[in-house]
2 protein chains.
Amino acid sequence: MPRRIKSKHQLVATLDAELLRRVRAHGGLSRMQLARELKLAPSTAGIYVDRLVREGFLLETETTGRATAGRPATSLVPNPDGGRFIGVDFGVPNLMATVVDFSQRPLRQSHTTLRPADSAARILAKIELAIEEMTARDPRPVLGIGVGVPGTIDPVTNVAVHYEFTRGWNNVPLGARLTERFGVPVFLENNIRSMALAELWFGAGRGLRNFVCIGIRSGIAAGVVVNGQLLHGAQHRAGEIGHWVCPVPEELAAHPPARRQRGWRWQTAAKLEQVASLSAIVATAQRGLKRNPKTSLAGVKGPLAIDDVLAAARDGDAFAASLVRAAGRAHGWVAHQINELFNPEKIIFAGPLADFGDLFITTVRETARELGGAGCDAVIVNSILGQYNGAVGAAALALHQWKPRR
Amino acid sequence: MPRRIKSKHQLVATLDAELLRRVRAHGGLSRMQLARELKLAPSTAGIYVDRLVREGFLLETETTGRATAGRPATSLVPNPDGGRFIGVDFGVPNLMATVVDFSQRPLRQSHTTLRPADSAARILAKIELAIEEMTARDPRPVLGIGVGVPGTIDPVTNVAVHYEFTRGWNNVPLGARLTERFGVPVFLENNIRSMALAELWFGAGRGLRNFVCIGIRSGIAAGVVVNGQLLHGAQHRAGEIGHWVCPVPEELAAHPPARRQRGWRWQTAAKLEQVASLSAIVATAQRGLKRNPKTSLAGVKGPLAIDDVLAAARDGDAFAASLVRAAGRAHGWVAHQINELFNPEKIIFAGPLADFGDLFITTVRETARELGGAGCDAVIVNSILGQYNGAVGAAALALHQWKPRR
DNA sequence: TGACAGTAATTTCGATTTCGAAATAATACC
DNA sequence: GGTATTATTTCGAAATCGAAATTACTGTCA
């Protein structure tokens, strides 16, 4: 007789949640399929499902056309009215929020900006405002809140431990604060990791057990999924590839090189973030304006923004395009390193460069293939989830942890 | 992040096996401690322990001096006579074998060499011979065999899939072959990963949940432990950092550089393995003999071996020492990258360079600290397990999977 | 068209496992 | 000797299993 390690308590505690997760992931499963997936006796699966149906969290749906013999399965889907979850994701310039229903469909979204000068208190206030906005004029209960936070967090105490680019952002008791304010469970996660969760549950990572999501915004970080689970590291600081010391594509080097080495340059001090993040690209563009008088970027009023560079590249501006391509080379190197180390099924790029289109990702692929010799096993793709990516992942974080109280 | 149900077949196969693992790890646990660790009711823990004692796999030991009030706990330890396990680890030049008893104490070890020209069949024969030698003149039953194999393996089918440096080493049904021959369960693992297992269970990784073990032999690879489990990757090919494209320390560059860049050099094509593996170091030493007439290495007869270089470095030869230091720099860069990506508790170096002493590891630490700016969170250490490292890990692999049949 | 075989999902219903709380055991400290 | 404290065992209750019904279909053949 096979013995289970999970005690009754632990099993009961998580079985409801796990069952709901599977149903959400597949969008409709029968009792038998659930029993097989969770390795439960059919009778046990039945007991749980029946209870969740009775409580209004699952709906039994009519079986759609089958052609197989045998009693048709009754499909179970999450009841959209089971409750709502809120997700917030913020980074240096943007704060995104979303509400999703119980079947994880987004109901509403909002977007505000944060200023680099904003204090921790100000950011907290803006988060609370965004959450209120999401719950306004909708009587259905909110069951949980997820927040994607830049920097390191402690998912046990729900404290935002540190973020290097916001003053005073140290040991902010974000979880406690929001729980107190809204009276529902709050879950924190690092924001690149919540992007990875979004990929895992809705995006290019659906159904995969091993993939890496690389988020390129003002910083660069990786969310790593191993065996279907997020990698956190000893101090929840895993994925900081922005600090990787990397080769520098010619075009992105701070000073023109003395001598070309097949288009790359090595500097001891070059961190990936200072080379191929959005802010680094903008800075390089700014520096290069004089040397590239023909570029359409010269006509931009005020300080350059990444959107200017991307728009110019899209319109065929050679200088802007060369910068995008150079960033693609740097990230191709990253993809190669990650592929060799993790051997993931996919490497997913997220952020404005990914939303931008083919020029970037094609260069990434080419570079990774070149460096890999035999080729790169991992499929390299752009995220297709768009900019609410992190917020949706954060909402799903709360949604996926939630379980009915027994 | 999904808290996954450890259902019966998933993470922890059976309570019996898990219980034995815990007892081995702690070297003596009471029923209560086991119940707490495994989150079982005390009564349940009691049932399992009693049965294992009855069957002769656990021994109840006298309680050693305590000072606490309350009924003293009866400590449980594995019965050394519960059975023996054999571990084999082979790489390009060496084949190591060991037998351990049921309490994972090594009983005997052996060492043979393989020649690069050896065919797959010849290697298989040598493995079988080594195993026989281990079981000879000892009537106690062998319960399992673990093998650390270079290259990729499939732990499900127990096939050695591929190894680039051995001719004909493709889809070798090593597991089936040995099971048939010896009639016991056989487990395969990649050999760097079995080194990591040895560290996890006996070495510098004891008690840690997140660490990385870097093995430097004729190739370079990493065994990664995340949440107490080995990382395998989608095709069981994770950890191939030997293929990483890396900066090249001056001293190890194939051609003297045109211009120094703070002691490093970047080449698009430089793979870590071609720069800082044992064979690369030997090759560089050989190449550098002419330019360094004063080195004691010039006096070595025949082709250089890595031991010559290490011995010379230990004796104060400046050229040899500079090569060791340069390898340390390269691996310091590796440690930095790994630290940022995984945020492990430790980074453990294994192989002759680690056995060699401080010169190497100190340079690694310094370089990692420099590159990390704020410093490197992970503790960087040498393995202290010596060269039977992988064999012991392989034996433990079998030992830890084993469970009494019910 | 309607019995009937075939098939697969679900339920039913004891059997088994595991739990949880209370009882018991074995010590230290007073 | 009594009390406090912790480990282990006891024992009824709850969870889960597994195999055997039962149900609800499809397809086939008279």
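Worth saying up front: this structure is predicted, and the values here are computed from it rather than measured.
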Rounded to the Å, how far apart are [X] [atom1] and [N] [atom2]?
X	N	atom1	atom2	result
B:Leu40	D:dA15	CG	C1'	15 Å
B:Lys39	C:dT17	NZ	C1'	20 Å
A:Arg71	C:dT12	CZ	P	10 Å
B:Leu15	C:dC19	CG	C1'	13 Å
B:Glu60	D:dT8	CD	C1'	11 Å
A:Leu38	D:dC17	CG	C1'	15 Å
A:Gln33	C:dA9	CD	P	8 Å
A:Asp50	C:dA9	CG	C1'	13 Å

Roughly how far, to the nearest 0.5 Å, is CG of A:Asp154 from CG of A:Leu174?
12.5 Å

Working to the nearest 0.5 Å, report the span between CG of A:Leu230 and CG of A:Leu197.
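The CG atom of A:Leu197 is 4.5 Å from CG of A:Leu230, to the nearest 0.5 Å.
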
At under 4.0 Å between heavy atoms, what does A:Ser30 touch on the DNA or RNA strands: base, sugar-phosphate, or nothing?
sugar-phosphate

If you compare every side-chain N and O of [X] against the phosphate oxygens of [N] (OP1, OP2), does one of them come in below 4.0 Å?
X	N	result
B:Thr74	D:dT8	yes
B:Tyr48	C:dT18	yes
B:Arg31	D:dT9	yes

Looking at the side chain of A:Ser43, which of D:dC17, D:dA24, D:dT8 is the nearest nucleotide?
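That would be D:dC17.
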
Between A:Phe187 and A:Phe85 (judged by ring centroids, cut-off 6.0 Å), do the two rings come close enough to count as a pair?
no

Look at the aromatic rings of A:Phe342 and B:Phe342 and report parallel, tilted or perpendicular, splitting at 30° and 60°.
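Plane angle between 30° and 60°, so tilted.
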
